[in-house]
Amino acid sequence: MKYVTLFIIIFVLWLLITFNIEIPNLIVGAVAALITSLVFGRSFLKDSKKFFQPHRYFWIIVYLFIFVWECIKANFDVAYRVLSPSMPIKPGIVKTKTTLKTDIGKTFLANSITMTPGTITVDIIDDEFYIHWIYVSSKDPKVYTDKILGRFEKYLKRIFE
Amino acid sequence: MSNTISIIFFIIGVVFDLFGCIGLIRLPDVYNRLQSATKSVTLGTCSILFGLFIKYGFSAIGMKALIAIPLLFFVSTVAAHALVRGSYIFGTKLWDKTVIDDYKDVQK
């Protein structure tokens with residue numbers, strides 16, 4: 001089941017990238033997808049059933065909009081810090097705890113954190129995230145956990161768990 | 001019409017990539033510089049690619065540009081994570097005005 005899901009994803013990606021539907025192209029794509037899915041299928045998602053539950057796709061779309069909005073905010077934030085003459089930065093590495101359980105959820109959360117205003121994920125150890133923050137506005141773990149992780153955690157929980 | 005919109009996206013992209021480069025020069029240490037380098041890519045390079053998609057529509061070039069956007073997201077975030085962690089383990093010092101460092105307990 002795992003292998004089939006991965007095969008379908010890779011094959012569709014191949015079709016989109018090459019963007020032509022001639023027989024030789026389809027054969028090359030199928031062979032390449034087959035080899036890739038055989039090699040990497042083992043380390044793919046643990047239960048691929050989640051791929052066929054439509055309500056998850058709804059939350060992915062909601063999440064995408066929030067994510068793009070945060071990205072745009074992040075860019076203006078960086079532009080402001082870089083261009084202002086006094087450079088308002090106060091960097092530090094903080095420790096936060098997540099409630100997500102699955103590996104893929106954590107990966108997406110870490111990637112989202114890197115793309116949001118002023119934060120980069122340094123390391124993940126079990127359920128603790130170490131985050132480099134360009135402007136540490138408070139030293140209370142509750143406040144900053146909510147500020148950094150809270151935005152995405154609730155959506156990712158619906159998508160991946 | 002679509003030509004004009006795509007040119008607007010190109011200009012936004014180039015301007016934000018320029019901000020990222022200025023950040024690389026101005027900010028004090030590796031960690032802060034990576035912040036500016038990864039974030040400017042999202043609106044900078046991705047909006048150049050999106051402008052390309054608008055210009056060519058659903059053709060071979062346009063689809064390639066559109067698929068490059070999510071790939072760029074994953075690659076740049078993972079690369080930033082690897083660089084930050086690598087330079088910390090290598091022993092690069094944080095900026096001397098850094099206020100808090102929780103990560104140093106883990107490294108011992």
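Throughout, protein chains are lettered first and strands after them, A, B, ... in sequence-line order, and every chain is numbered starting at 1.
- When the candidates M115(A), K90(A), R81(A) are compared by the number of heavy-atom contacts under 4.5 Å with chain B, M115(A) comes out ahead.
- Around atom OH of Y57(A), more than 12 heavy atoms belonging to other residues, nucleotides or ligands sit under 6.0 Å away.
- The distance from the CG atom of D77(A) to the OG atom of S36(B) is 11.5 Å, given to the nearest 0.5 Å.
- Contact between F74(B) and N111(A) at its shortest, heavy atoms only, is CD2-ND2, 3.3 Å.
- Using a 4.5 Å cut-off between heavy atoms, Y80(A) makes no contact with chain B at all.
- Criterion: ILVMFWY side-chain heavy atoms under 4.5 Å apart, direct or through other members. Under it, L49(B) and V75(B) are not part of a common hydrophobic cluster.
- Per-residue counts of heavy-atom pairs under 4.5 Å with chain A were compared for G44(B), S59(B), A80(B), G20(B); the largest is that of S59(B).
- Here the side chains of V78(A) and F19(B) are not in contact, with every heavy-atom distance at 4.5 Å or above.
- In this structure, F19(A) is a member of the same hydrophobic cluster as I9(A), with clusters built from ILVMFWY side-chain heavy atoms closer than 4.5 Å.
- The aromatic rings of F76(A) and F16(B) lie perpendicular to each other, with more than 60° between the two planes, well past the 30° mark.
- By the 6.0 Å contact criterion, OH on Y63(A) is enclosed, its count of non-hydrogen atoms from other residues, nucleotides or ligands being greater than 12.
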Note to self: Show, in sequence, the C-alpha distance, side-chain angles and deciding distance for W133(A) and Y31(B), and conclude whether the side-chain contact (heavy atoms from CB on, under 4.5 Å) test is met.
What the structure shows: CA-CA 9 Å; W133(A) 198 3; Y31(B) 310 97; over 6 Å; no
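- Note that the CD1 atom of I120(A) and the OG1 atom of T38(B) stand 4.0 Å from one another [nearest 0.5 Å].
- Hydrophobic clustering (side-chain heavy atoms under 4.5 Å, transitive across Ile, Leu, Val, Met, Phe, Trp, Tyr) keeps I5(B) apart from L52(B).
- In this structure, K39(B) contributes its side chain and T119(A) its backbone to a donor-acceptor pair below 3.5 Å.
- Here the side chain of R26(B) pairs a donor or acceptor atom with the backbone of V82(A) at under 3.5 angstrom.
- Contact count against chain A (heavy-atom pairs under 4.5 Å) is highest for N32(B) among L83(B), V78(B), N32(B), I22(B).
- The environment of I125(A) atom CD1 is dense: over 12 non-hydrogen atoms of other residues, nucleotides or ligands sit within 6.0 angstrom.
- The cluster map of Ile, Leu, Val, Met, Phe, Trp and Tyr, joined by side-chain heavy atoms under 4.5 Å apart, puts L64(A) and L16(A) in different clusters.
- Looking at I131(A), neither its backbone nor its side chain comes within 4.5 Å of chain B, counting heavy atoms on both sides.
- When the candidates V68(A), I93(A), T114(A), L83(A) are compared by the number of heavy-atom contacts under 4.5 Å with chain B, I93(A) comes out ahead.
- What you find for H81(B) and T121(A) is that their closest heavy atoms are ND1-O, 3.4 Å.
- With values rounded to the nearest 0.5 angstrom, L13(A) atom CG is found 7.0 Å from L71(B) atom CG.
- The number of heavy atoms from other shown groups lying within 6.0 Å of NZ (K95(A)) does not exceed 12.
- Counting all heavy atoms, side chain and backbone alike, I17(A) lies closest to K64(B) at O-CE, 3.2 Å.
- The greatest number of non-hydrogen atom pairs below 4.5 Å with chain A, out of G23(B), S47(B), A82(B), is found for G23(B).
- To the nearest 0.5 Å, atom CD1 of residue I72(A) and atom CD1 of residue I12(B) are 9.0 Å apart.
- Taken from CZ in F108(A) to OG1 in T77(B), the straight-line distance is 9.5 Å, to the nearest 0.5 Å.
- Proximity of Y88(B) to D123(A): side-chain heavy atoms (C-beta onward) are nowhere separated by under 4.5 Å.
- Placement of I21(A) and M63(B) in two distinct hydrophobic clusters is found when ILVMFWY residues are connected by side-chain heavy-atom separations under 4.5 Å, directly or transitively.
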